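In what follows, every heavy atom counts, from backbone to side chain, and hydrogens, waters and symmetry copies are set aside. Just so you know, these numbers come straight off a predicted model, no measurement behind them. Proteins come first, then strands; the chains are lettered A, B, ... in the order of their sequence lines, and each starts at number 1.
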Amino acid sequence: MGSTPVRVRFAPSPTGFLHVGGARTALFNWLFARHNKGTFVLRVEDTDSARYADEYVEAVYRALRWLKLDWDEGPDIGGALGPYRQRERGAMHREVAQKLLASGAVYECYCGSKKDEEAADESENDDDSSESAGTDGAIERAKPVCRCSALSDAEKTSLRAKGVQPALRMRVDPQRAVIVDDLVRGHVEFPAGTIGDFVIVKSDGGPLYNFAAVVDDHAMRITHVIRGEEHLANTPKQLLLYEALGWEPPLFAHIPIILNEQRRKLSKRDGATFVNEYEALGFLPDALVNFLGLLGWSPGGNRELLTRAQMLDEFTIESVVKHPAIFDHAKLAWMNKEYLKALPLDELAERVIALLEGRASIPDRIDPEHVRRVVSLLHERAYTVAEIVDQGAYFFTRGAVAPAPDALAKYCSTPEAAERLKEVRAALAEAPPDFDAPDVENAIRGLAQRTGRKAAEFIHPLRVAVTGQAVSPGIFEVCSILGREVALERIDALLARLSEQRAVGLERSR
RNA sequence: GGCCCCAUCGUCUAGAGGCCUAGGACGCCGCCCUCUCAAGGCGGAGACAGGGAUUCGAAUUCCCUUGGGGCUACCA
């Protein structure tokens with residue numbers, strides 16, 4: 001088909017942990033590359049020294065690896081078109097900048113940063129507010145015109161003598177228009193007048209995003225730039241650069257942004273937003289990938305649960321939707337639950353143990369065989385691995401459990417409940433030595449039959465006794481897994497507590 | 001403010017002029033099962049933002065309005 005092999009890149013800026021939005025962008029790039037048998041490049045955009053932190057580069061690798069999105073070229077593994085860390089590409093950036101300066105496409109600008117300007121502004125004027133509208137003063141403020149393009153050589157040298165270092169500014173013809181033919185958005189036209197002469201190299205010599213991205217994408221022979229929609233407005237600037245350089249631009253695909261429940265760009269305040277947080281909460285990477293893949297893309301039809309292979313097989317840019325998507329935690333949770341249910345018990349048990357072992361105080365009952373049995377009961381009741389650990393806390397320790405107040409109130413508030421519990425205790429004490437689930441069941445059902453009561457009358461207090469909670473998996477299995485010794489011990493503990501409470505209650509009512 | 005993008009159930013989406021009295025999934029509600037909770041089964045409520053135009057026919061095309069979002073840095 002296409003004569004040129006596909007090359008795409010994911011170019012995160014390591015100023016924080018990998019965001020789910022970034023992960024989704026990485027995923028789409030990866031899917032596109034793999035679907036087209038192309039190359040997936042990882043490039044680290046670390047030119048903003050103010051915000052960049054080295055540890056975050058590692059965090060990005062880690063998150064990507066956890067998601068199993070493998071890259072073919074990158075800072076860690078190298079590649080023919082490196083280096084893949086933007087700050088190591090300074091020489092090339094400078095060279096291209098010089099070329100642009102020599103051709104007259106850019107000019108030196110001595111205005112100083114906008115920040116300085118604003119600071120100066122604030123100290124003077126203000127308060128002429130609204131009424132100056134309509135005059136061209138208002139227009140000028142909206143899009144300040146830089147006059148440096150008209151500076152004479154003499155003026156430049158004198159400025160430089162004063163120690164003013166110039167930035168490099170792109171000359172943009174305000175009359176023209178720039179057209180972006182986007183793979184997902186179609187034909188988009190930008191009046192260049194609204195772009196203005198933009199800076200490509202800071203006065204300290206550092207390249208700016210739009211410039212560095214163009215130079216690097218070209219050098220790395222990127223064929224398709226797949227990135228978030230927030231970059232759509234940057235694209236005309238980059239296209240202008242390609243044009244000035246005489247380079248053929250890549251194809252662009254701007255994928256919809258991910259919003260929070262408030263319809264805002266996802267931010268830290270929206271609960272978990274970083275990939276590593278999902279890892280820590282016990283989400284499964286395949287589930288996250290499945291969920292993220294369906295945010296802004298659909299294979300068509302009614303399928304929801306897709307394997308990586310299926311996604312990879314069917315992914316096309318054309319089927320990416322245009323509208324933003326809200327990150328729905330409830331649906332992710334459901335999806336994770338589905339993956340949890342499908343996960344082999346051994347593997348789930350390993351994950352549970354890993355989580356348990358990471359706890360400050362490691363519980364005393366986490367041998368693999370035992371955990372496997374526990375997990376077989378809990379794996380279809382929990383949304384995350386972390387939930388299994390929490391819900392099953394009473395399984396991982398031999399000691400007594402503190403009953404939850406609501407459970408106590410619901411099932412153990414009457415003297416009858418204590419009576420039933422005593423009877424259960426006796427019945428369980430006499431159950432067959434294997435103490436497997438049917439043994440427990442027979443013991444309790446038999447007891448119910450003998451006494452003419454409903455099994456539930458025995459089961460509920462028993463559940464509170466052995467789990468401390470009003471809800472749990474089937475009680476017969478729970479007791480069996482816990483073992484007779486632990487079960488009886490916990491029943492005794494509750495019984496003791498109940499009679500104590502009763503004594504206090506009588507005391508009070510006196 | 002300016003420029004740009006977007007617009008189907010609460011949410012993710014299917015839908016590329018008649019197949020749509022708009023389908024699926026999550027969530028929600030009810031019933032069944034049942035020792036509680038899940039799981040499972042069955043059923044239910046729930047959307048084409050509004051207005052024009054084109055057409056025999058519009059969720060699907062065009063225009064306007066409204067609404068939402070993004071960008072507007074010597075950040076990326």
Practice problem: Rounded to the nearest angstrom, tell me the gap between atom CD1 in A/Ile257 and atom P in B/C71. | Solution: 6 Å
Practice problem: Go through B/C35, B/C74, B/A76 for me and flag the one nearest to the A/Glu477 side chain. | Solution: B/C35
Practice problem: Find the distance A/Asp204:CG to B/A73:C1' and express it as a whole number of Å. | Solution: 14 Å
Quiz item: So what does A/His254 hit on the nucleic acid, given a heavy-atom distance under 4.0 Å: a base, only sugar-phosphate, or nothing?
Solution: nothing
Quiz item: P atom, B/A16 versus B/A53: distance in rounded Å?
Solution: 26 Å
Quiz item: Applying the salt bridge (charged side-chain N to carboxylate O under 4.0 Å, His left out) test to A/Glu229, which of A/Lys322, A/Arg185, A/Lys265 qualifies?
Solution: A/Arg185
Exercise. Provide the Watson-Crick or G-U wobble partner of B/U54, both distances under 3.5 Å; none if there is no partner.
Key: none
Quiz item: Considering only heavy atoms from C-beta outward, does the side chain of A/Phe10 approach that of A/Thr25 to under 4.5 Å?
Solution: yes
Quiz item: Taking only residues two or more places apart in sequence or in another chain, which ones pass side chain to side chain donor-acceptor pair (under 3.5 Å) with A/Arg43?
Solution: A/Glu45, A/Asp217
Quiz item: Is there a donor on the side chain of A/Asn234 or the base of B/A76 sitting less than 3.5 Å from an acceptor on the other?
Solution: yes
Quiz item: If we call it a pair only when both distances are under 3.5 Å in a Watson-Crick or G-U wobble match, what pairs with B/A25?
Solution: B/U11
Practice problem: Tell me, yes or no, whether the heavy-atom count around A/Lys410 atom NZ, taken from other residues, nucleotides or ligands under 6.0 Å, exceeds 12. | Solution: no
Practice problem: Starting at the 5' end of nucleotides 7-25 of chain B, put B wherever the base has a protein heavy atom under 4.0 Å, S where only the sugar-phosphate does, and a dash everywhere else. | Solution: S---BBSS--------BBB
Quiz prompt | Nearest-Å distance once atom P is located in both B/C33 and B/C42 | solution = 15 Å
Practice problem: Could you identify which residues of residues 438-451 of chain A place a heavy atom less than 4.0 Å from some atom of RNA chain B, listed by residue number, or say none? | Solution: A/Arg445
Quiz item: Does the gap between the ring centers of A/Tyr383 and A/His329 come in under 6.0 Å?
Solution: no
Quiz item: For atom C1', what is the distance between B/C75 and B/G68, given to the nearest Å?
Solution: 25 Å
Practice problem: Please give the nucleotide sitting opposite B/C71 as a Watson-Crick or G-U wobble pair, both distances under 3.5 Å, or none. | Solution: B/G2
Practice problem: For A/Glu189, report the nucleic acid contact type (base, sugar-phosphate, nothing); a contact means any heavy atom under 4.0 Å. | Solution: sugar-phosphate
Quiz item: Are OP1 or OP2 of B/A76 and a side-chain N or O of A/Thr47 less than 4.0 angstrom apart?
Solution: yes
Quiz item: In B/S/- notation, 5' to 3', how is nucleotides 36-50 of chain B contacted by protein heavy atoms closer than 4.0 Å?
Solution: BBBSS----------
Quiz item: Can you tell me if A/Asp216 and A/His93 form a side-chain donor-acceptor pair at under 3.5 Å?
Solution: yes
Quiz prompt | Candidates B/C3, B/C71, B/C74 - which lies nearest the side chain of A/Glu230 | solution = B/C71
Practice problem: Consider the side chain of A/Arg185, meaning its heavy atoms from C-beta on, and name the nucleotide among B/C3, B/C6, B/A76 that approaches it most closely. | Solution: B/C6
Exercise. Report the residue (A/Tyr209 or A/Gln262) whose heavy-atom-nearest nucleotide on RNA chain B is the more 5′ of the two.
Key: A/Gln262
Exercise. Starting at atom CG of A/Asn210, determine the distance to atom P of B/C74, rounded to an integer number of angstrom.
Key: 11 Å
Practice problem: Rounded to whole angstrom, note down the P distance from B/A14 over to B/A49. | Solution: 15 Å
Self-check item: Rounded distance in Å between the C1' positions of B/G18 and B/C32
Solution: 41 Å
Quiz item: With both distances kept under 3.5 Å, what pairs with B/A39, Watson-Crick or G-U wobble?
Solution: none
Practice problem: Give me the one residue out of A/Val478, A/Val424, A/Leu494, A/Thr467 that meets side chain to side chain contact (heavy atoms under 4.5 Å, CB included) with A/Leu462. | Solution: A/Val424
Quiz item: Who passes salt bridge (Lys or Arg N to Asp or Glu O under 4.0 Å) against A/Glu108, sequence neighbours left out?
Solution: A/Arg160
Quiz item: What interatomic distance, in whole Å, is found between P of B/A45 and the corresponding atom of B/G40?
Solution: 22 Å
Quiz item: A/Phe211 CZ to B/C75 P: how many Å, rounded?
Solution: 14 Å
Quiz item: Would you call A/Arg87 and A/Asp46 a salt bridge, taking side-chain N to carboxylate O under 4.0 Å as the test?
Solution: yes
Exercise. Can you tell me the distance, in whole Å, between the CZ atom of A/Arg43 and the P atom of B/A76?
Key: 12 Å
Quiz item: Mind checking whether A/Phe291 and A/Phe327 have parallel, tilted or perpendicular rings, split at 30° and 60°?
Solution: perpendicular
Quiz item: Can you list every salt bridge (Lys or Arg N to Asp or Glu O under 4.0 Å) pair that touches residues 447-458 of chain A, not counting sequence neighbours?
Solution: A/Arg453-A/Glu457
Quiz prompt | Verdict with supporting geometry, A/His379 and A/Leu343, side-chain contact (heavy atoms from CB on, under 4.5 Å) | solution = CA-CA 9 Å; A/His379 83 292; A/Leu343 199 67; over 6 Å; no
Practice problem: May I ask you to say what A/Phe476 touches in the nucleic acid, namely base, sugar-phosphate or nothing, with a heavy-atom cut-off under 4.0 Å? | Solution: base
Quiz item: Quick one: do the A/His254 and A/Thr235 side chains pair a donor with an acceptor below 3.5 Å?
Solution: yes
Exercise. Measure the distance from CG on A/Leu259 to C1' on B/G68 and round it to the nearest whole Å.
Key: 8 Å
Exercise. Pick the C1' atom in B/A59 and in B/C48, then give their distance to the nearest Å.
Key: 4 Å
Practice problem: For B/C20 versus B/G57, give the span between their C1' atoms, rounded off to a whole number of Å. | Solution: 13 Å
Quiz prompt | Spacing of OG1 belonging to A/Thr273 relative to CZ belonging to A/Phe17, to within rounding of 0.5 Å | solution = 11.0 Å
Self-check item: Value in whole Å for how far the C1' atom of B/G27 lies from CE of A/Met335
Solution: 13 Å
Quiz prompt | Rounded distance in Å - CG (A/Asp181) to P (B/C4) | solution = 15 Å
